[in-house]
There are 2 protein chains.
Amino acid sequence: MVRQRGFDKEKALDIAMELFWEKGYAATSISDLTAIMGIQRPSLYATFGDKEKLFEAALRKYTNLHASLIRTKLQNTISVKEAFRNLFEELIEKEYKNKVSKGCFCINTIVELAPHDEKFEILTREHEMYLSVIFQETLLKGIKSGELESNLDVKALAQTLVVALIGITVLLKSHPERSFVDKSVTLILSLIK
Amino acid sequence: MVRQRGFDKEKALDIAMELFWEKGYAATSISDLTAIMGIQRPSLYATFGDKEKLFEAALRKYTNLHASLIRTKLQNTISVKEAFRNLFEELIEKEYKNKVSKGCFCINTIVELAPHDEKFEILTREHEMYLSVIFQETLLKGIKSGELESNLDVKALAQTLVVALIGITVLLKSHPERSFVDKSVTLILSLIK
DNA sequence: ATCATTTTATACCGATTGGTATATTATACT
DNA sequence: AGTATAATATACCAATCGGTATAAAATGAT
């Protein structure tokens, strides 16, 4: 009884996510978005509400994808310490490969919007807290398997790994010497024992 | 022979620095700036060039102030480890006191502009590298005084402290539970031995 | 006091911003 | 096949963007 949408909503959202991720909220215009998404302005507004709603939808999609990606990477290895090492090293490798480093969409949003909009403060904080829970679970598995010491302060270590992940992700955007970030990753991983 | 400027250039730059620091480059308009600086648009352009030049001048002023502030704080204590602890704790205290946390102007710029403008990539990277040098000097002093172990990897530790400082500064903008950041600071400081 | 020089204030520029009104096109059900 | 409904395309909106032309006001040297 109705005309159906001529584009894939999820694909369009993916493209919007990539652009917001790369340029941030303020620097991305509706014209930029419609051009790259391949849709007209009224379609964007009819489908996603307004610019802020679209941004929020894109960020929620990112945090879901990011969390499950992290969880998967931490599950697929025998050694917990190796898993964390691979996590950091893949992050570093990817940022040095790409010419323009987008960093982490969630971290970018903490910096740009969290201080000025409580909605994004909560959304981004909860994602970081969720990451620390994933890290805790991974560390606990390492203790149970006997790989890690049983008297490890799992919570403190997980939170420190989150802090380190944030610090390295941000620092990579300024393209420091590779050895700089490699050395600090090695030292941080030495806390997992 | 000429009319003299009716405002203090350095004071005006300080005010611009605060606003760019709080809102970022894209979200700060010339009208915002002239209003808070108390000057007219042509005065701004005559004195500082254009928006980007003003931003760069503000950021350079910030990095200079920030570096000397950090160096001062690390000098004024007998124990090196205590000095670093105070550095982190004062940062945390300040961010929890203020309602809107501006974070670090340099870090904000790494996230917003470094990936899209080589000038700011270089400027911000050099500041972070400079901080790591200050940290190295401080740690070396601790070794010479006998407080720290002589086999400490000073470079790796200094770089890790920079990474941790960045991570905590960013995370604070999402207002996590106080215990979260306190615990990770304690664990990071345990690397200084 | 006059004059050259620079800052100031007002007003304006075209371009772009986020967001919509309108009218046309395409679809699913009767 | 006709009709109700929603998505599309075009064109437009006021507001704001970064930046400037112009002219009045203020200054220090003569």
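As the structure is a prediction and not an experimental result, all values here were calculated from the model. A, B, ... follow the sequence lines: proteins, then strands. Residue 1 opens every chain.
- Between B:Ser43 and C:dT7 there is no side-chain polar atom (N or O) within less than 4.0 angstrom of OP1 or OP2.
- When the C1' atom of D:dA9 is taken as reference, atom CG of A:Leu44 falls 15 Å away, rounded to whole Å.
- Dashed line: the shortest gap from a side-chain N or O of A:Gln4 to OP1 or OP2 of C:dA28 is under 4.0 Å.
- Taking atom NZ of A:Lys9 as the reference point, atom P of D:dA6 lies 15 Å away to the nearest angstrom.
- Counting only N and O atoms by type, the side chains of A:Asn98 and A:Ser101 include no donor and acceptor under 3.5 Å apart.
- Remark: P of D:dA7 and CZ of A:Phe48 are 12 Å apart, rounded to the nearest angstrom.
- In this structure, CD1 of B:Ile39 is placed 12 Å from P of C:dT7, rounded to the nearest angstrom.
- The aromatic rings of A:Trp21 and A:Phe105 sit parallel to each other, their planes meeting at less than 30°, with 60° as the upper class boundary.
- For the pair A:Asp8 CG and D:dA7 P, the computed distance is 15 Å after rounding to whole Å.
- Checked against the 6.0 Å centroid threshold, B:Phe120 and B:Tyr25 do not count as a close aromatic pair.
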Run the side-chain contact (heavy atoms from CB on, under 4.5 Å) check on B:His66 and B:Tyr130 step by step: do they pass? CA-CA 11 Å; B:His66 186 240; B:Tyr130 190 51; over 6 Å; no
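- Ring to ring, A:Phe20 and A:Tyr62 are not that close: their centroids are 6.0 angstrom or more apart.
- A donor and an acceptor atom never sit less than 3.5 Å apart when one is taken from the side chain of A:Arg3 and the other from the base of C:dT27.
- The separation between B:Arg5 atom CZ and D:dA26 atom P is 18 Å, rounded to whole Å.
- A donor-acceptor contact closer than 3.5 angstrom links the side chains of B:Ser31 and B:Arg41.
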Do nucleotides 10-18 of chain C as a string where each nucleotide becomes B, S or -: B if the base has a protein heavy atom under 4.0 Å, S if just the sugar-phosphate does, - if no protein is that close. B------SB
